[in-house]
Amino acid sequence: MRGVPKGASGCQRNPLGSGKERFGRCSRLLKADDFKTVFSRPRKSVDDCFTVLACANTQKHPRLGLAIAKRQVRSAVARNRIKRVIRESFRRHQSLLPALDIVVLARRGTEAKGNAELFRSLQGHWSRLGRRCAG
RNA sequence: AGAGUCGGCCAGGCAGUCGCUGUGCCGGUUGGCAUGGAGGAAAGUCCGGGCUCCACAGGGCAAGGCGCCAGGUAACGCCUGGGGGGCGAGAGCCUACGGAAAGUGCCGCAGAAAAUAUACCGCCUAAGCACAUUGGUGCCGGUAAGGGUGAAAUGGUGCGGUAAGAGCGCACCGCGCCGGUGGUAACACCGGUGGCAGGGUAAACCCCGCCUGGAGCAAGACCAAGUAGGGGAGCAAUGCGCGGCCCGCGCAGCUUCCGGGUAGGUUGCUUGAGGUACACGGUGACGUGUAUCCCAGAUGAAUGACUGUCCACGACAGAACCCGGCUUAUCGGCCGGCUCUCCAC
């Protein structure tokens with residue numbers, strides 16, 4: 001384990017292999033380069049809660065990255081809440097998604113929304129991206 | 001019982017399902033099991049330290065902070081106890097609380113005058129001069145008691161004194177000085193004595209005393225792999241750095257010789273001025289001893305989501321090297337000390 005990056009240990013495996021809804025390190029975007037590629041040629045899905053960017057990756061499974069800016073969401077508690085909701089929703093729905101790298105950005109109004117509303121919004125984003133990127 | 005005041009504590013609970021992450025054990029791997037997983041402010045970054053690197057040869061000038069006394073502490077601008085002053089009926093609360101006869105500045109409006117004093121309305125006419133000569137009138141003057149202005153007007157009250165007045169004199173209070181007593185001290189009390197010296201402002205400059213190197217975990221250390229970074233010697237001038245400036249010192253530049261570094265990862269990274277219990281010392285902050293416990297350590301960043309249920313219907317708010325404080329935000333609830341008022345006995 002010495003000298004080997006933490007995230008590289010299990011990333012060859014498919015996180016859906018066990019059939020459970022897991023969300024380990026290899027289901028996340030870890031490097032700045034990963035984010036750059038998504039930002040450079042994204043497919044967008046926007047509503048008044050989130051802006052969701054996605055592009056196809058070389059893995060066998062989707063990966064998630066979060067970009068909740070301090071500018072958009074001032075309170076640290078609110079930022080944590082939004083991130084947790086996004087991860088939870090991704091975890092639940094990742095089996096339905098193709099092999100995409102996804103970046104979720106917060107919008108100015110995100111802080112005011114309740115958890116249920118955020119979950120509803122995210123569900124819409126997942127199905128939209130799934131349909132668009134599959135074909 | 002009500003009102004108030006001070007101090008301390010808690011920060012939704014329980015159950016189920018699905019997750020994230022640290023550690024330990026098992027396992028060939030996927031993984032499994034066990035166990036730990038935000039706060040009283042984690043916040044603001046306002047002080048003080050530890051830790052790390054740089055500068056550590058010092059000097060001068062600046063700059064900043066602090067400011068009743070004693071203690072506590074690693075240290076502090078913090079805390080505790082005490083003193084002075086102010087507020088409150090009281091418990092209690094507030095206090096930037098050294099120096100204004102070292103110097104400089106400022107003091108709006110009003111007011112005569114805001115500081116080497118001065119005289120608006122007033123008061124007086126004793127002494128001197130002139131006129132009249134019966135009281136008187138004017139000049140030369142005296143005075144600051146009274147009025148008025150102001151936040152503030154050259155001690156306060158009373159008696160004497162006087163032409164009217166004035167620390168001019170006296171008593172008490174205040175102020176300064178001296179001595180004594182108590183107290184570690186700040187200071188308090190008592191006695192004597194002096195004479196009216198002197199406005200306020202030092203979170204205005206300033207003076208006095210004390211304190212202060214610079215940067216910060218993206219500090220710094222280590223590891224693996226390619227493209228020119230490091231060390232030694234010589235050289236004139238320029239730039240940069242050592243918090244600022246002047247010395248002073250160092251580095252960069254050019255020539256020459258010798259050997260190897262930044263993007264990623266590991267570490268620093270949580271055992272500590274540590275918590276809990278008891279005993280002892282101390283008015284207290286706190287200290288000492290013994291026993292016992294290990295109590296977040298992420299790094300695109302964990303500590304959660306959903307459902308059910310109960311109630312008082314859940315505020316402010318999220319660790320990022322670590323501690324000690326301060327300040328600010330906060331739905332509500334609980335406990336205790338003390339004070340005042342009312343009722344009953």
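Note on naming: letters A, B, ... go to the chains in the order of the sequence lines (proteins, then strands), and numbering restarts at 1 for each one.
Atom-to-atom distance recorded for A:Ile68:CD1 and A:Phe50:CZ is 6.5 Å, nearest 0.5 angstrom.
Residues satisfying the salt bridge (Lys or Arg N to Asp or Glu O under 4.0 Å) test with A:Glu111, not counting sequence neighbours, are none.
B:A221: Watson-Crick or G-U partner is B:U266, with both key distances under 3.5 Å. A 3.5 Å limit on both hydrogen-bonding distances identifies no Watson-Crick or G-U partner for B:A312. Taking a pair to require two hydrogen-bonding distances under 3.5 Å in either a Watson-Crick or a G-U wobble arrangement, B:G7 pairs with B:C335. Look at B:G304: its Watson-Crick or wobble partner, with both distances under 3.5 angstrom, is B:C18. In this entry B:A203 has no Watson-Crick or G-U wobble partner, no candidate having both defining distances under 3.5 Å. Across all strands shown, B:A89 forms no Watson-Crick or G-U wobble pair with both distances under 3.5 Å. Of the nucleotides present, B:C190 is the one that pairs with B:G179 by Watson-Crick or G-U wobble criteria, both distances under 3.5 Å. Of all nucleotides present, none satisfies the Watson-Crick or G-U wobble test against B:G195 with each distance under 3.5 Å.
Separating the CZ atom of A:Arg91 from the C1' atom of B:U17 is a distance of 10 Å, rounded to the nearest angstrom. To the nearest angstrom, P of B:A301 lies 8 Å from CG of A:Leu64. Rounded to an integer number of Å, the gap from CZ of A:Phe90 to P of B:A305 is 19 Å. Rounded to a whole Å, the NE2 atom of A:His93 is 18 Å from the P atom of B:C18.
When the options A:Arg131, A:His93, A:Gln94 are evaluated for a side chain to side chain contact (heavy atoms under 4.5 Å, CB included) with A:Trp126, the one that passes is A:His93.
Residues from residues 75-89 of chain A placing a heavy atom under 4.0 Å of any atom in RNA chain B, listed by number, are A:Ser75, A:Ala76, A:Val77, A:Asn80, A:Arg84, A:Arg87, A:Glu88. Taking a 4.0 Å limit (strictly below) on heavy-atom distances, residues 99-117 of chain A reaches RNA chain B at A:Asn115.
Of the two residues near RNA chain B, A:Ala67 and A:Phe119, the one whose nearest nucleotide lies more 5' is A:Ala67.
Of all the heavy atoms in A:Val85 and A:Phe119, the pair that sits closest is O-CE2, 3.7 Å.
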